[in-house]
Amino acid sequence: QVQLVESGGGLVQAGGSLRLSCAVSGRLFSINTMGWYRQAPGKQRELVADITTAGSTNYADSVKGRFTISRDNAKKTVYLQMNSLKPEDTAVYYCNAEIKRLSYASSSPYWGQGTQVTVSS
């Protein structure tokens, strides 16, 4: 069974930094795009950043210049380095990965359990 396990959330003051990690485990054929989403209370889940297997990245306008997404394909892990954090970055952050479990199957989205990031003013 494929699992995504996140770590690295916590409480930080405005202007501080955090690094999130998400490791994929289980039997699978390949991992395509990986990304981070977040959901603040009362709001819809939104894309923060994603990265393709080749390393092409995409960021939400609200985090450009502050957050950096990266991945280690050998470790099946994606990271999110968050700098200059603001109170409005407070949310539950979810890892997402498009995974093919079998060579002949189409890819499906898998989600982590979420990790809380709280930025105090």
Side-chain angles (χ1 to χ4, degrees):
Q1 184 172 349
V2 173
Q3 287 187 312
L4 278 63
V5 179
E6 299 139 341
S7 60
L11 173 64
V12 65
Q13 288 189 330
S17 299
L18 284 174
R19 188 189 194 213
L20 305 182
S21 299
C22 172
V24 179
S25 64
R27 291 176 62 88
L28 56 91
F29 177 75
S30 66
I31 303 173
N32 299 326
T33 298
M34 303 181 81
W36 290 94
Y37 289 70
R38 67 186 180 186
Q39 187 167 18
K43 294 188 176 181
Q44 289 189 326
R45 190 174 297 189
E46 62 175 1
L47 174 69
V48 176
D50 61 23
I51 182 168
T52 67
T53 306
S56 295
T57 58
N58 175 50
Y59 294 93
D61 288 343
S62 59
V63 306
K64 283 181 181 176
R66 300 188 297 122
F67 291 10
T68 302
I69 190 170
S70 60
R71 65 190 283 173
D72 185 327
N73 292 328
K75 294 183 178 179
K76 295 185 287 186
T77 300
V78 63
Y79 306 95
L80 186 68
Q81 178 66 43
M82 304 185 292
N83 299 328
S84 302
L85 282 160
K86 304 175 181 180
E88 50 263 44
D89 294 317
T90 295
V92 178
Y93 283 69
Y94 296 91
C95 173
N96 169 271
E98 291 287 330
I99 293 173
K100 291 183 69 172
R101 297 200 60 190
L102 300 168
S103 60
Y104 53 82
S106 57
S107 62
S108 298
Y110 287 79
W111 293 90
Q113 78 284 0
T115 185
Q116 177 70 44
V117 171
T118 302
V119 184
S120 62
S121 58

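Everything quoted here is computed from the prediction, not taken from an experiment.
Taking all atoms of both residues into account, the shortest heavy-atom contact from Y94 to G112 is CD2-O, 3.7 Å. The heavy-atom pair separating P109 from N96 by the smallest distance is CB-ND2, 3.9 Å. Nearest heavy-atom pair across A91 and Q116 is O-NE2, 3.4 Å.
Here SG of C22 is found 10.5 Å from CH2 of W111. Values are rounded to the nearest 0.5 Å. N32 contributes atom CG, which lies 10.5 Å from atom OG of S106 (distance to the nearest 0.5 angstrom). For the atom pair M82 CE and R19 CZ, the distance stands at 11.5 Å (nearest 0.5 Å). The distance from atom CZ of R27 to atom CG of L102, rounded to the nearest 0.5 Å, is 9.0 Å.
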Verdict with reasoning, V117 to R38, per side-chain contact (heavy atoms from CB on, under 4.5 Å): CA-CA 9 Å; V117 171; R38 67 186 180 186; over 6 Å; no
side-chain contact (heavy atoms from CB on, under 4.5 Å) for I31 and V78? Distances and angles first, verdict last. CA-CA 11 Å; I31 303 173; V78 63; over 6 Å; no
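Residue V63 is grouped with residue V119 when hydrophobic side chains (ILVMFWY) are merged at heavy-atom distances under 4.5 angstrom, including chains of intermediate members. Cluster annotation: V12 is connected to L80 through the hydrophobic network of ILVMFWY side chains, with a link wherever side-chain heavy atoms come within less than 4.5 Å. In terms of hydrophobic clustering, with Ile, Leu, Val, Met, Phe, Trp and Tyr side chains grouped at heavy-atom distances under 4.5 Å, L85 and L11 are assigned to different clusters.
In summary, D89 and K86 do not engage in a salt bridge, as defined by a charged side-chain N under 4.0 Å from a carboxylate O.
Considering only heavy atoms from C-beta on, L47 comes within 4.5 Å of N58 through its side chain. Counting only heavy atoms from C-beta outward, the side chains of Y93 and T115 approach each other to under 4.5 Å. With contacts defined as side-chain heavy-atom distances shorter than 4.5 Å, the pair L20/E6 does not qualify. At a threshold of 4.5 Å between non-hydrogen side-chain atoms, the residues C95 and W36 count as touching. At a threshold of 4.5 Å between non-hydrogen side-chain atoms, the residues V2 and V24 count as touching. Proximity of I51 to Y59: side-chain heavy atoms (C-beta onward) are nowhere separated by under 4.5 Å. The side-chain heavy atoms of S17 and Q81, taken from C-beta on, include a pair separated by under 4.5 Å. Side-chain atoms of Y79 and D72, non-hydrogen and from C-beta on, do get closer than 4.5 Å to each other.
When the options R101, E98, M34, Q3 are evaluated for a side-chain contact (heavy atoms from CB on, under 4.5 Å) with Y110, the one that passes is R101.
The backbone N or O of S120 sits nowhere less than 3.5 Å from a side-chain atom of T90 that would complete a donor-acceptor pair. In terms of modelled atom types and a separation under 3.5 Å, the side chain of R71 and the main chain of T52 share a donor-acceptor contact.
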